[in-house]
Amino acid sequence: MAVDVEKMKAMRAAHRVLAEYAYEPSPLDRGYAGRTLYINLTDNTIESRPVTEQMKEIFVGGRGFGLWRLWNAVTGKTRWNDPENEIVISSGPLGGTTNFPGSGKSLCVSLSPLTQSVVDSNVGGYFGPLLKFAGWDAIEVQGKAARDVIVFIDGNSGRITIEEAPGASTDSYPVGEEVVAMFADSEGERRDVSSVSAGTGADHALFGCLNFSWYDVRRGRVRLKQAGRGGIGTVLRDKKIKALVVKKSGIDSQSNVPDDRSRVEKVGAKMHRELHDLDHLQCHMRTVGTAHLVEIMNDYDLLPTHNFKYGCHPDAKNIFSDYYLRTFSQHTVDGCWYGCTMACSKGIDNFVLRSGPYRGQTVTVDGPEYETLAGCGSNLGVFDPHWVAEYNYYCDTYGLDTISFGTAMAFVMECYEAGVLNAEITGGLELHFGNAAAAAELLHQTARGEGFGLIFGQGIRRMKQIFAEQYGADPQFLQDIGMEAKGLEYSEYITKESLAMQGGYGLALKGPQHDEAWLIFMDMVNNQIPTFKDKAEALHYFPMWRTWFGLNGLCKVIWNDVEPEENALTPEPAKVPEHVDNYVEFFSGVTGREVTKSDLIVMSERVYNFQRVFNLRMGFGRREHDAIPYRSVGPVTVEEYESRAERYDKQLREKLGLNPETMTTDEKRAALRRFREAEYQRLADAVYERRGWTPDGVPTMAKLRELGIDFPDVVAVVAPYQDGC
Amino acid sequence: MKVLASRPELCVACGACEESCAMAFFKVPERDRSAIRISVSPERADPLIAFCDQCGECIAVCPTQALYRAKNGIIRLRRQDCTGCLACVGFCPTLVMYVHPDDTVPFKCIACGVCVKECPADALFLMEVDVPEPVTELTRSIRFKTGEGTHGS
């Protein structure tokens, strides 16, 4: 996928510049640039907006800044494809730090085509940090361009342009390479250019992702990381953006202008050493990334198989990480930001594509990571590792989220097996579990906007409606097996035996994504949170703690995918207390604000509660919207019950005092369902109370006052929902 | 290639090597500016003499290829390409990549031989060795096993 640099320079020179803006790229102040960039593509406005002290105090940065800017840009009536909707991208005050691993994240916020509410998605790659060092804590893009554009922020010269870009590619791998060729003035500048793009898939499907690039100097090519969740790539293409591009040179550990660099350096160097000493004994992130999880999940019956019906499969061994250990190119510096020695951004070089528009071409695949292996592998009954990597490559370049793609494909396959769909409806695609070539063809159809691909691209929630209305399917069956909540497809863990994790998914603000809480081992395996109170405490602490990373531009894997040697001996090993101490030091060292561990949780609580209110403002954010499909709670079908009958019978006996010997499978299934669904509601009761919410899941006025986010327009949203508190 | 080598049994721990190193590269006689460090301990008969053996693990972890093996086999640092991430400091097997609190850029022994000349006890010398093979993560990660650790991506 090499591009001709001279041709690209000429193409860029021919761009029609629609708007231009000059600014002074001044140094940062303790992690903040002190202003955000506003761009409106309808009228080609470019302006600078100040970052106030109140914004820093209440919203911190990253996802907090994104939510605040979006809140002020939309109303409760705004829909995802209205021009008023924005994409806001922000790193955070600690983002861009080079001397503490895992510090290059960007947080993206928008109104989601899938959920119709506010969504956040985090991503690596160089864009967010370079944007900040170019002088901007965030970029908010509003409006819609008339024709395809590139927005270029040159942090070296202090010039921003909106340019019509008719010749640039839409798919992310080609356009990522093209913009490097267009905007880097020398070979050495190539790593100073980063872009945000989507692809042709995002033109047609609602689960479009954003690709954030980083230039890999060893491979001499652009690598991509994805802000996958919630369809923000679809919003990007709806605005007719081919790429947002930033350039900034000369980055080092002083670029963030920390209050006291040595404080950061001390904890950062400690983490580098810990990864050096322990990663190869613990998670192997440096050699296989999150792929190491496949065999663990399979062992514990947690690996989604055949649309989350089962948790393991004899053929899963084909996609275990030993295969990827041999297949990933071990270039060692696979960090998606400078200084990330976790280096989990693995890639497969010299990969020859079997299908689609690039068939026969040799490419580098970014990944696959665990979620893709489970979602696009076992969950589809596809255990050929080549096909999983092929879906990974095409989803990325088409700008499609591999998680939504995989989970939606698994749903479609179960529908096909159940007779809800047939070859006539799918245009001849026989979408049985395991039919890898058919799944690939459906992916290409989705990107072309053709045939059954147009329906598939709508995501599970809309497909359920279409299948019921147009093909006469049983809506209850579709509701039970369609693994979506709030309109977002599930990420890839089996939650049936972990009530806390059912809540981890179901009570997550944006929909069922594991980035708020991952409690399966604490709950199911180690039984550390047996009571409702324990589970509620975990579903308070961990979502708040994990939110904190997103306020600051940080990656969570550094927190708990390596642990100090003595961690297991600490009173609360799941919290990895020594690492939390590192973050206290890191935050204070950068911002100069002396904080404690509990201060970090309060920072998150402000933003978390604000986001819950934002959901409410958009017409969601109450108990009924925290409902989850029964497939995530217990066995939907007879065969599913019988496959783990011993486990379920035991629960009937011990928890319900029933005698399974005297019951039919259908009776047993129904009794178990009543019990488990009630348990989920009891869990919600406990969690809402712990979070300071009403029984309907709405933050109480007292909680908002305590957090200092009782702004008049926030109060106006929650006031009608204060009954029962 | 020529690398620095030592005979700890001859070392008198006078600190002349440290001082000469710091003077040669930073124009100050401070030990924390030296790329060679001597330490003594009652548990050891001889002083510990720590310096870079040019193994190349730091090259493998440098994100910008600021660290490279020069034609003479010695590992050098292009300062303008260094992002100050200090991955090399954390991943040095013998902890002899150093950074001074006032600087963002690390430093190490480049086998220049200044300390050899200053050593009054003949404890230091330059030695001819073969250029090591490039290091990859696989050569470091000897064992590969599963089933440990926690998750959170």
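B:Leu95 is not listed as a side-chain neighbour of A:His276, based on a closest heavy-atom distance of 4.5 Å or more. Side-chain contact between A:Arg191 and B:Thr64 is present, with at least one heavy-atom pair separated by less than 4.5 Å.
Note: A:Thr98 leads A:Ile251, A:Thr341, A:Val217, A:Thr98 in heavy-atom pairs under 4.5 Å with chain B. Listed options B:Cys92, B:Cys88, B:Cys82 were ranked by heavy-atom pairs under 4.5 angstrom with chain A; first place goes to B:Cys92. When each of B:Asp103, B:Val89, B:Asp102, B:Val105 is checked for heavy-atom pairs under 4.5 Å with chain A, B:Asp103 comes out on top.
The CZ atom of B:Arg79 lies 10.5 Å from the CG atom of A:Asp252; values are rounded to the nearest 0.5 Å. Once rounded to the nearest 0.5 Å, the distance linking OG1 of B:Thr104 with CZ of A:Arg261 reads 6.0 Å. The line from CZ of A:Phe100 to CG of B:Leu86 is 12.5 Å long, rounded to the nearest 0.5 Å.
Proximity to chain A is limited to the side chain of B:Val99, based on heavy atoms less than 4.5 angstrom apart. Within the 4.5 angstrom heavy-atom criterion, only side-chain atoms of A:Glu265, from C-beta onward, approach chain B.
For a heavy-atom cut-off of 4.5 Å, chain A lies close to no residue in residues 6-37 of chain B.
Counting non-hydrogen atoms of other residues, nucleotides and ligands closer than 6.0 Å to NZ of A:Lys266 gives a total of 12 or fewer. Around the CD atom of B:Glu128, the shell of radius 6.0 Å holds more than 12 heavy atoms that belong to other residues, nucleotides or ligands. Counting heavy atoms of neighbouring residues, nucleotides and ligands inside a 6.0 Å radius, atom CD of B:Gln65 exceeds 12 of them. Within 6.0 Å of atom CZ in B:Arg69, more than 12 heavy atoms from other residues, nucleotides or ligands are found, so the atom counts as buried in its surroundings. More than 12 heavy atoms of other residues, nucleotides or ligands lie within 6.0 Å of NZ in A:Lys317, so this atom counts as buried by the packing criterion.
The ring pair (Phe, Tyr, Trp, His ring centres under 6.0 Å) search around B:Phe51 returns none, not counting sequence neighbours. Residues that satisfy the ring pair (Phe, Tyr, Trp, His ring centres under 6.0 Å) test with A:Phe328, not counting sequence neighbours, are A:Tyr324. Judged as a side-chain hydrogen bond (donor to acceptor under 3.5 Å, both in side chains), and not counting sequence neighbours, the contacts of A:Lys225 are A:Ser345, A:Glu369.
The nearest pair of heavy atoms linking A:His272 to B:Phe91 is O-CE1, 3.2 Å. Counting all heavy atoms, side chain and backbone alike, A:Gly339 lies closest to B:Cys85 at CA-CB, 3.3 Å.
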